[in-house]
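In this text, all values refer to a predicted model and were calculated from it rather than measured experimentally.
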Amino acid sequence: MMNKTFMSFIVFVAGLLVFHNVVFPIFTPKEPGWILNRYVYYLAICAFLIIANIALRLKPPISLNALVVWMMGWYFYKYILYPPIPWTLFITYMMLWSIGTFLYISQDAETFREFRKPIVKTIVGDYKIARIVVFIALPCLVGWGTYQAIFPTFQEPVELRTVHPAPPATTKVHGKSYTLETARNPFRIDEQDNYKDSFPFLDVDKHEYMKNVTEGGTVFFENCHFCHGDQLNGLGMFSHVFNPTPANFIDPGTIAMLRESFLFWRVSKGGPGLPNESTPWSSAMPPWEEHLTTEEMWKVILFEYWYTGWHPRTFDTEESYVGQWEKEGKPAGAH
């Protein structure tokens, strides 16, 4: 019994190490496909553990099964789930996973008794060597973890920090490159919304504009309002588990002072696309280019400005700036 239990433990540890160090890099290319992606990899490693135990006729005790199930949950949230989730959300998921594991081992009195057996034998029973190892190793591990957590570091930040990091010159979304300096929202008709007071049924442009705003609002409430809130104030139902909290679009310090191309870059790349200089404000927002089309992202941005009443920040071209200076004797100024 003990030999098969030990062999099952070795199969789990060795299989996980081999899969993680050898197979995992193969399944996580820069351009994941239907087969080569991290979720297929996770199913493969689960299948390996099941098949290996059946082929070797191993029947691990429920205590080891519970440990393997708990570890596979931790491995999924730590390395498989993408984009990475904040630490607070990770703790929440692992608490739910631990509760599920406990329900599994306590499904009846027999399984719970079997689960407790090695623990009781280690603490007060026949497993004397295991007791010595555990009672020495456990305080050492706790002490080492505490030391690593509270040990102060005096390294200065390598880069300056900023709330709105400088975007790259170009960004590539769905295989197409966009120059952010010149990129424009293809669905915006008038940057100042000068036609907003006209009647939709008389104004073709406004009718088309409101159609795109409505479609953007639909996408927003299907995907974004859980974090950014129904009022776009950053107080969605999931917002309190994030640190920092999601952006408040009502605040004049957010989208009102940004260009639409900046929002397009942020929405498409999400938190993982942020440069290091924005570390203290690292966003948990996923890269929406993996879930939305390019048109849907532009329409969501259109809706956000329409709903909040802000206008995207724009800059006059150099030619118009000089031209107005010469014509009126004053600079055109930036909006």
Side-chain angles (χ1 to χ4, degrees), residues 83 163-165 167 171 173-174 178 180 182-271 273-274 278 281-315 334-335:
V163 178
H164 300 304
T171 186
V173 179
H174 293 159
Y178 293 86
L180 296 181
T182 58
R184 298 288 185 270
N185 192 332
F187 301 105
R188 182 166 296 284
I189 299 172
D190 187 311
E191 293 175 343
Q192 303 300 321
D193 290 344
N194 290 328
Y195 55 87
K196 64 180 180 181
D197 296 328
S198 61
F199 294 101
F201 55 88
L202 294 178
D203 191 322
V204 177
D205 284 348
K206 182 174 182 181
H207 179 78
E208 186 66 17
Y209 174 80
M210 290 308 302
K211 174 176 174 294
N212 293 325
V213 167
T214 302
E215 292 177 359
T218 301
V219 175
F220 178 89
F221 284 105
E222 288 177 346
N223 301 277
C224 314
H225 89 284
F226 302 103
C227 297
H228 291 287
D230 296 343
Q231 304 299 318
L232 279 68
N233 53 5
L235 297 177
M237 65 179 76
F238 297 150
S239 62
H240 301 290
V241 302
F242 296 112
N243 185 17
T245 56
N248 173 8
F249 299 142
I250 305 296
D251 190 310
T254 55
I255 63 174
M257 60 184 300
L258 298 172
R259 304 174 70 175
E260 284 189 294
S261 59
F262 183 96
L263 267 69
F264 178 70
W265 166 63
R266 290 289 291 108
V267 171
S268 61
K269 301 304 177 185
L274 281 175
S278 61
W281 295 278
S282 292
S283 170
M285 185 171 66
W288 285 106
E289 63 177 340
E290 298 181 0
H291 309 283
L292 301 178
T293 66
T294 301
E295 291 187 351
E296 287 175 331
M297 288 187 284
W298 281 122
K299 289 179 180 177
V300 167
I301 295 170
L302 197 71
F303 165 77
E304 290 171 354
Y305 280 104
W306 174 84
Y307 190 93
T308 58
W310 300 119
H311 303 301
R313 191 175 186 182
T314 58
F315 296 93
H335 171 66

For Tyr209 against Arg188, the heavy-atom pair lying closest together: OH-NH1, 4.1 Å

Pairs involving residues 225-240, ordered by first then second residue, that meet side chain to side chain donor-acceptor pair (under 3.5 Å) (sequence neighbours left out): Gln231-Tyr307

Shortest non-hydrogen contact from Phe242 toward Cys227: CE1-SG, 3.6 Å

Residue Glu295 excluded, over 12 heavy atoms near CD under 6.0 Å: no

Atom pair OH/CG of Tyr305 and Asn185 - distance to nearest 0.5 Å: 9.5 Å

Parallel, tilted or perpendicular: ring planes of Phe226 versus Phe238, cut at 30 and 60 degrees: parallel

Glu260 bridged to Arg184 by N-O distance under 4.0 Å: no

Over all atoms of both residues, closest heavy-atom pair of Thr254 and Asn248: OG1-O, 2.9 Å

Residues which pass ring pair (Phe, Tyr, Trp, His ring centres under 6.0 Å) with His174, listed by chain and number, not counting sequence neighbours: none

Arg266 side chain to Gly270 backbone, donor-acceptor under 3.5 Å: yes

From Phe264 atom CZ to Glu289 atom CD, the distance as rounded to the nearest 0.5 Å: 8.5 Å

Reported CD1-to-NE2 distance for the pair Ile255 and His311, which is rounded to 0.5 angstrom: 11.0 Å

Side chain to side chain donor-acceptor pair (under 3.5 Å) pairs, two or more places apart, involving residues 210-221: Lys211-Glu215, Glu215-Lys299

Test log, rule side chain to side chain contact (heavy atoms under 4.5 Å, CB included), inputs Val173 and Met297: CA-CA 11 Å; Val173 179; Met297 288 187 284; 3.7 Å; yes

N/O donor-acceptor pair under 3.5 Å between Ser268 side chain and Trp265 backbone: yes

Trp310 side-chain N/O to Phe249 backbone N/O, donor-acceptor pair under 3.5 Å: yes

Which atom of Arg313 lies closest to which atom of Arg259, heavy atoms considered: O-CG, 3.2 Å

From Lys269 atom NZ to Thr171 atom OG1, the distance as rounded to the nearest 0.5 Å: 4.0 Å

Close side-chain approach of Leu263 and Glu304, heavy atoms under 4.5 Å: yes

Beyond-backbone contact of Pro186 with Trp298, side-chain heavy atoms, under 4.5 angstrom: yes

Pairwise distance OG1(Thr294) to CH2(Trp288) - rounded to 0.5 angstrom: 15.0 Å

